[in-house]
*Asks:* 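Could you have a look at this structure, given as structure tokens, before my questions?
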Amino acid sequence: MWTWFFRLASPPHVYALAGKLGLWFLIPAFALLAVGTWGGLVLAPPDYQQGDAFRIIYVHVPSAYLSMLIYVTMALAGAIGLIWRMKLAHAVAASCAPIGASFTFAALVTGAVWGKPMWGTYWEWDPRLTSELILLFLYFGYMGLRSAYEDINQADRASAILAIAGVANVPIIHFSVIWWASLHQGPTLSKLGAPSISGAMLWPLLTMILAFTLYFLGVLALRVKGEVLAREFQSRWAEDVLRGISTAGSQ
Amino acid sequence: MTPRRQRMLVVGLVVAGVAAAVGLSLRAFQENLLYFYTPTQALAGEPPAGKRFRLGGLVEKGSVRRESGSLEVRFQVRDNQQEMTVAYSGVLPDLFRDGQGVIAMGYLEPGGVFRADEVLAKHDENYMPPEVAESLAAQGHPGKPGATVTAPN
């Protein structure tokens, strides 16, 4: 019953497919990024309290959203790899980590840059900020743990368990502003009821969120392509691929 | 039980175990993690005497007094019952204004004035152009600028 699925997940097939998928995701991602940037920086009106400084939302919110989405993707892929002994799933999980860490870092830095003039401080040991910092450390721990093992199968298993255990932090990040008295504002979009942002400011934000998500999927596909090749470099198909690359390069 | 089932069970147990551990520690946190004291709590002597603490509340409208020739500023911070004078010397954040939620870090001086060395302004989750904010304020829309705001708890 699952044979078609396993054939789909065979490394040479994934290698070829991931290369195509990468482009299919990245081209619309860059197009939407251009539209969202124009909409956010030029068309959207300034905020009634923050003036133009609110425009950091167009980078900060998509980054923060992706930092959590990528972590959940990584943990799910790790769990699938652990339960069904599926190497492709582990390859996906391993490919997620550096992308997720980058977005977490971007969310923290843009937040700090905005925080100094608006709140009056770059950093505060506030529940939201602290839990997001823990997320960054979880990504670092995941990558560190992976590279500590010589054997890739052991690395897959150990890092998958770390990723699954760390998933408890994701709801904490999201609900931290509701559960505790936090300096960070409450959710604007991800809540029941209408978003508390005016329409002219909202559409560029949604465009940016979609653009960032497509960018993540595109980069993930390209990373998976490299990861699969690195894992299978001794196999026949990988040798063929590598020979193709080297002959193309020497011409 | 097949090995796959067994692994599924292990993953399930890891998730359930971590969730339970986190849930319990959060319950404990909820009782202890108090980010700031309100003026009512501060006047009732709840913060430990002589220690630095955070005072949180809303800036009383029209209470901001600046001294000419220095950065010294005084303003009233209130919750829905009491208010307290805060003295601060330094640059206030951009979001600081009448009616805004602020958190001041400092200590209580003998005269009952809170001497702050850091003032943070809390932002709300509403984003809108200035014209919309003005028309909402004109209509007295609840929860919007110009209307009465509830104190943070």
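Values in this document were obtained by computation on a predicted structure and should not be read as measured data. All chains are named by letter (A, B, ...) in the order of the sequence lines, taking the proteins before the strands, and each is independently numbered beginning at 1.
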*Asks:* In terms of heavy-atom proximity below 4.5 Å to chain A, should B/Val14 be classed as side chain, backbone, both, or neither?
*Replies:*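 For B/Val14, side-chain heavy atoms alone lie under 4.5 Å from chain A.
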*Asks:* Please classify the contact of B/Arg97 with chain A as side chain, backbone, both or neither, using a heavy-atom distance under 4.5 Å.
*Replies:* side chain
*Asks:* Quick one: which of A/Gly166, A/Ala168, A/Ala75, A/Gly186 has the most heavy-atom pairs under 4.5 Å with chain B, could you say?
*Replies:* A/Gly186
*Asks:* How about A/Trp38: does its CH2 atom have over 12 heavy atoms from other parts shown lying under 6.0 Å from it?
*Replies:*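 Counting other residues, nucleotides and ligands, CH2 of A/Trp38 stays at 12 neighbours or fewer.
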*Asks:* Over all heavy atoms of both residues, which pair between A/Gln49 and B/Gln100 is shortest? Give the atoms and the distance, please.
*Replies:*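 Taking A/Gln49 first and B/Gln100 second, the nearest heavy atoms are NE2-NE2, 3.2 Å.
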*Asks:* Between B/Gln6 and chain A, with a heavy-atom cut-off of 4.5 Å, which part of the residue counts as in contact: side chain, backbone, both or neither?
*Replies:* neither
*Asks:* What heavy-atom pair brings B/Pro93 and A/Gly120 nearest, and what distance separates the two atoms?
*Replies:*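 Here B/Pro93 and A/Gly120 meet closest at CB-N, 3.6 Å.
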*Asks:* Is it the side chain or the backbone of A/Met201 that comes within 4.5 Å of chain B heavy atoms, both, or neither?
*Replies:* side chain
*Asks:* Go through it in stages, so that I can follow the logic: the residues are A/Leu82 and B/Arg7, the test is side chain to side chain contact (heavy atoms under 4.5 Å, CB included), and I'd like the CA-CA distance, side-chain angles, deciding distance and then a yes or no.
*Replies:* CA-CA 7 Å; A/Leu82 214 57; B/Arg7 292 196 292 270; 5.6 Å; no
*Asks:* Measure the spacing between CZ of B/Arg54 and CD of A/Glu124 and express it to the nearest 0.5 Å.
*Replies:* 4.5 Å
*Asks:* Evaluate whether atom OH of A/Tyr215 has more than 12 neighbouring non-hydrogen atoms of other residues, nucleotides or ligands under 6.0 angstrom away.
*Replies:*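 At most 12 heavy atoms, drawn from other residues, nucleotides or ligands, come within 6.0 Å of this atom.
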*Asks:* In Å and rounded to the nearest 0.5 Å, what is the CE to CD1 distance from B/Met128 to A/Ile197?
*Replies:* 10.5 Å
*Asks:* I need the B/Met105 CE to A/Thr121 OG1 distance, nearest 0.5 Å.
*Replies:*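 Taking CE in B/Met105 and OG1 in A/Thr121, the distance rounds to 11.5 Å.
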*Asks:* Which bit of B/Leu120 is near chain A, if near means a heavy-atom gap under 4.5 Å: side chain, backbone, both or neither?
*Replies:* both
*Asks:* Which pair of non-hydrogen atoms, one from B/Tyr127 and one from A/Gln185, has the smallest distance, and what is that distance?
*Replies:*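 Closest approach of B/Tyr127 to A/Gln185: OH-NE2, 3.0 Å.
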*Asks:* What pair of heavy atoms forms the shortest contact from B/Val18 to A/Ala165, and how long is it?
*Replies:* CG1-O, 3.3 Å
*Asks:* Tell me, for A/Leu202 versus chain B, whether the close heavy atoms (under 4.5 Å) come from the side chain, the backbone, both or neither.
*Replies:* neither
*Asks:* Is there a side chain to side chain contact (heavy atoms under 4.5 Å, CB included) between B/Asp94 and A/Gln50 once you walk through the steps?
*Replies:* CA-CA 7 Å; B/Asp94 281 13; A/Gln50 303 176 41; over 6 Å; no
